[in-house]
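Here's the structure, in structure tokens; my notes come after.
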2 protein chains.
Amino acid sequence: MQAYALTVDKFLEHAAKWSPDREVVSVDEDGAVTRIGYAALRERANGLSGALVSLGLKVGDRVGTLAWNTQHHFEMYYAAMGAGLVCHTLNPRLTATQLAAMINEAGERALAFSSNLAPLAAQLVALCPMLENLIVMDGDLAPSFAFQRPRTWRHEALLAESGAPVGWGAFAEDAPAGLCYTSGTTGKPKGVLYTHRSNYLHTLRALQADAFALTGSDAVLVAVPMFHANGWGLPFAAPAVGAKLVLPGRNADGASLARLMREEGVTVAVGVQTVWLGVLDHLDASDSDLPALERVIIGGSKCPDALIERMESRFAARVQTSWGMTELSPLGTVESPRAAPSAERGAGRAPMGLDLKLTDAEGVTLPQQRGVMGRLKVKGASVVDCYFNADADALDAEGYFDTGDLALIGDDGTLSICGRSKDLIKSGGEWINPAEIEEIVGRHPAVGLVAVIGREDEKWGERPVLIVEPRQGQAVDTQSLLASLRGKVADWWIPDDVEQIETMPLAATGKIDKIKLRADYAKDRFAAQGASRWRV
Amino acid sequence: MQAYALTVDKFLEHAAKWSPDREVVSVDEDGAVTRIGYAALRERANGLSGALVSLGLKVGDRVGTLAWNTQHHFEMYYAAMGAGLVCHTLNPRLTATQLAAMINEAGERALAFSSNLAPLAAQLVALCPMLENLIVMDGDLAPSFAFQRPRTWRHEALLAESGAPVGWGAFAEDAPAGLCYTSGTTGKPKGVLYTHRSNYLHTLRALQADAFALTGSDAVLVAVPMFHANGWGLPFAAPAVGAKLVLPGRNADGASLARLMREEGVTVAVGVQTVWLGVLDHLDASDSDLPALERVIIGGSKCPDALIERMESRFAARVQTSWGMTELSPLGTVESPRAAPSAERGAGRAPMGLDLKLTDAEGVTLPQQRGVMGRLKVKGASVVDCYFNADADALDAEGYFDTGDLALIGDDGTLSICGRSKDLIKSGGEWINPAEIEEIVGRHPAVGLVAVIGREDEKWGERPVLIVEPRQGQAVDTQSLLASLRGKVADWWIPDDVEQIETMPLAATGKIDKIKLRADYAKDRFAAQGASRWRV
């Protein structure tokens, strides 16, 4: 059969040919909406490839992007990847120091950024000596940002002056296409180097009718950042089927999103739960609806059942829960839009192309893979084998990647994530799972954010400490919090201490920063006194 | 990213793990229904792999199958492919001579057959000296078929005695998995050697929500033969998503299929139009319905709009037209189950993963690819590059395979097949398309089957001849047939002669055998007389 390389440029080529007028809609900083058909977009992205090559960039070179969900960012994805460059998406919510470490590790030669991120870009220029070219994706730079050292181009001017057709896909399918760093909430951020093949196969996997199930009739809102695991792969999946793609730019407030969804007839909306909370509140406040919406795909963290019910009822749409991670490109499991969800909403099932297994703490496969919690390991064509620049691969002897998650698989194959194995607390030789405690305490009306970490303990090794950020204006009664746990977890799981703090430290992706919490609260302040705080 | 070979054994592994109790239902010769879950089926197929290996078969060896759509045939697919053997599906409707040519070309070492095909198998044994092992898939052999030379095994006994677990997929993804010969209506049958990769990618392509869109909630009736292009890939697609698979065995009459569909709650039924005619007639006669049926996927030849309407109305189900060929694994284009069909029902659109182009007769790409008829060429990971045992590849300079079809692509991307380029008649330097003439004449109430071929002509090169099999009990008036063409085709397209024949010669797949017709009717019987029969 034919040698036919699985490269991502084929997605946009397919859309340009078969859905030439289907639109990509993009919102800029001022709320203005631009729209362009896939055929015209393909011409622009292909011309931009030529412009990048004219800057001296060569196959395998990394191009950084520091941008929101916009047409220009989408163009840069395909311009870079189609020409064999590696598109390194950077999270603008990280600090300049964090980003510079990534840029320097990746050896980036060019950086494309949104003009509203110019101050951050200026810091990066100072920290990243290898940067030779800067591309301002949209808008104009203030005169104060007249960068001296690297050459600076405006995206539109570069395209107009140096844009030239390029033959896309002139490389093997296992050539790298994208680079994305993990959030680093449990360690130093690690780079995942996606290949064309891994992205292509991820796309077909996600497109299955029991998964994202996108069709040419859909209008898809990408409310997950394009700098995070390729926007859950939607910039590939939407053109692959000729779906309309709706990119909300920087503004993800409820009112902006609701208006955009209504005006563009969004049928499938994808994002984390906090985004939808804003939309729900806006709909309630404005007494309005989203009549075209059919499905909302959520992920990122476990969503309370009550919120799922509220979404399904208020949106009159089906919610599909999911689980994924940067290392998985990112889709792991997802609820089918068609099958009835399991009674307790987990994270759906694994569509064809991903193998899962549960092991014990030592990595031995559990004899029983249903109804028992274990460490979740995965295998597949879109799963990382070795982190970027790492010395050793990240796989076990059977070729599985350890997700670091604790999970349980129900009889019907539904996956439920139960916590992070690195968060587990070992107390007296037995494991305590912070996630279970956090879930119970989190239901308390006075609690805003909650985290449980292990604190060094001379006698028990570790003991759990509860850290709480009270809901604004509320007071938390420590004893009532601990009492709420009685009978729901083993007595020896109940934390020894409760720390109330004003502001929970958050990592760049919005997740609670347990590294910081451990640094601040995990030392046993009483060890010197020999006091035992173990309660039975 | 991980090295993860795209091999078809993963489909059944996935089903066994995630849909262990989802059934494969199979009907035997007597109409008895057997059912088995994917987990148990996987164990049997894997054990059968071990049994095949115990017979001395090695990676790359060919195993022939001569069988209907049954569980045993399904098991043999996976037993062979999983162990790296090549499953060569043989069409029991071909003659022993035709089949023996294929078996000998493939160098088959084993042949598995249904007991009700024993007479044909016996003929093959006599013609195929390389056959070392015979496997009787189901039922018992009559004593008269006590084969002497090759060792003969019963499928069940072989499994019970020599079945042993085997590690599936121990080969590269471009290893051959299946072999299927084209029908050979326009030349000698040619073998297409499918690989694991081509079958895997074909499966994901077909599973897209705008294509077959199968889900774990579906029950799929495979009314296309498993000996023809892997049963349109459904034995791969159904386990990949955990759909129930319904295999009707040999009996494809309307009453049997309707009962099976009703009893098994079939939601998606796949087959050629003639099969559904029988089901429609049965439903009408018995005043019954198929309440679970949602979709009927048809292909094989262009289906009249009136029949599509009758199906959609009587079945209360959506019809999806499609086009494919053995060389394409086989899916080319298909209507979306969701989008409104184009006004004139063509053959649907190309799901991601197949590139189409239209060229002129010399192979030059047409400058305009919409609304103009051209030769259809295709490119993709599941498209043949070189026929089995052929000296040269079958691709043009750009890597496209020439389908031999004439096609037109509408503004919305819908493909319509307009005829076969090899059937075209060149008359006075201009082309005549028999398919257009056949369609018009075929509407005449007295006409059963119709074909137009070119006859040698001294002056014009070729001239069209109309060959008609009248509908039973009807008389055809030659002049009224020709008159029906006036004003609908150019005058010089109107055939010079009409031949009435009692029985139209059909090839093994049921298509009209134009090779035979040309042999019988294409010689210019009057050339010697120098008579001109050219009419203007």
Side-chain angles (χ1 to χ4, degrees), chain A residues 1-6 10-11 13-15 17-20 174 192-195 197-199 201 203-205 207-218 239-242 329 336-340 349-356 369 379-386 395 399 401 413, chain B residues 1-6 10-11 13-15 17-20 174 192-195 197-199 201 203-205 207-218 239-242 329 336-340 349-356 369 379-386 395 399 401 413:
Chain A
M1 306 302 279
Q2 292 186 11
Y4 184 89
L6 309 178
K10 291 190 165 74
F11 298 134
E13 297 281 17
H14 189 81
K17 193 162 180 184
W18 299 103
S19 309
D174 57 358
V192 178
L193 191 64
Y194 301 122
T195 66
R197 174 181 163 105
S198 70
N199 281 335
L201 291 171
T203 303
L204 285 187
R205 201 170 87 78
L207 282 175
Q208 293 176 53
D210 270 329
F212 287 1
L214 300 186
T215 73
S217 313
D218 282 313
V241 299
S329 303
S336 168
R338 186 166 143 153
R349 292 159 46 103
M352 182 67 215
L354 191 76
D355 303 336
L356 309 182
Q369 292 278 310
K379 193 173 180 174
S382 308
V383 179
V384 73
D385 60 347
C386 178
L395 310 182
F401 167 75
Chain B
M1 306 302 278
Q2 292 186 11
Y4 184 89
L6 309 178
K10 291 189 165 72
F11 298 134
E13 297 281 16
H14 190 80
K17 193 160 178 183
W18 298 103
S19 309
D174 58 357
V192 179
L193 191 65
Y194 302 122
T195 66
R197 174 180 162 105
S198 70
N199 281 335
L201 291 171
T203 303
L204 285 187
R205 201 170 86 79
L207 283 175
Q208 293 176 55
D210 270 330
F212 287 1
L214 300 186
T215 73
S217 313
D218 282 313
V241 299
S329 302
S336 168
R338 187 166 141 148
R349 291 159 47 101
M352 181 69 214
L354 191 76
D355 302 337
L356 309 182
Q369 293 278 310
K379 195 173 180 174
S382 308
V383 179
V384 73
D385 61 346
C386 179
L395 310 182
F401 167 73

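These figures come from a predicted structure and were not determined experimentally. Below, read A as the first sequence line, B as the second, and so on, with proteins coming before strands; counting in each chain starts at 1.
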Picking from [options], which has the most non-hydrogen pairs under 4.5 angstrom with chain A?
{"options": "Arg338(B), Gln369(B), Gln208(B)", "answer": "Arg338(B)"}
{"options": "Ala240(B), Ala3(B), Ala213(B)", "answer": "Ala240(B)"}
{"options": "Leu201(B), Asp174(B), Leu356(B)", "answer": "Leu356(B)"}

Quick one, Val192(A) and Met1(B) - any side-chain contact, counting heavy atoms below 4.5 Å?
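Side-chain contact under 4.5 Å: yes.
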Give the minimum heavy-atom separation between Thr215(B) and Ala209(A), together with the two atoms involved.
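Thr215(B) and Ala209(A) have their closest heavy atoms at CG2-CB, 3.7 Å.
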Among [options], single out the residue with the greatest number of heavy-atom pairs under 4.5 Å to chain B.
{"options": "Lys379(A), Arg205(A), Glu13(A)", "answer": "Lys379(A)"}
{"options": "Ser336(A), Gly413(A), Cys386(A)", "answer": "Gly413(A)"}
{"options": "Arg197(A), Lys10(A), Lys17(A), Arg349(A)", "answer": "Arg197(A)"}
{"options": "Leu193(A), Leu6(A), Leu354(A)", "answer": "Leu6(A)"}

Atom group of [X] that falls short of 4.5 Å from chain A, counting heavy atoms:
{"X": "Thr195(B)", "result": "both"}
{"X": "Phe212(B)", "result": "neither"}
{"X": "Leu395(B)", "result": "side chain"}
{"X": "Pro337(B)", "result": "neither"}

How far does CG of Asp355(A) sit from OH of Tyr4(B), to the nearest 0.5 angstrom?
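Interatomic distance, Asp355(A) CG to Tyr4(B) OH, rounded to 0.5 Å: 3.5 Å.
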Looking at Gly380(A), is its backbone amide N or carbonyl O close enough to the side chain of Gln2(B) to form a donor-acceptor pair, meaning the two atoms are under 3.5 Å apart?
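Answer holds: yes.
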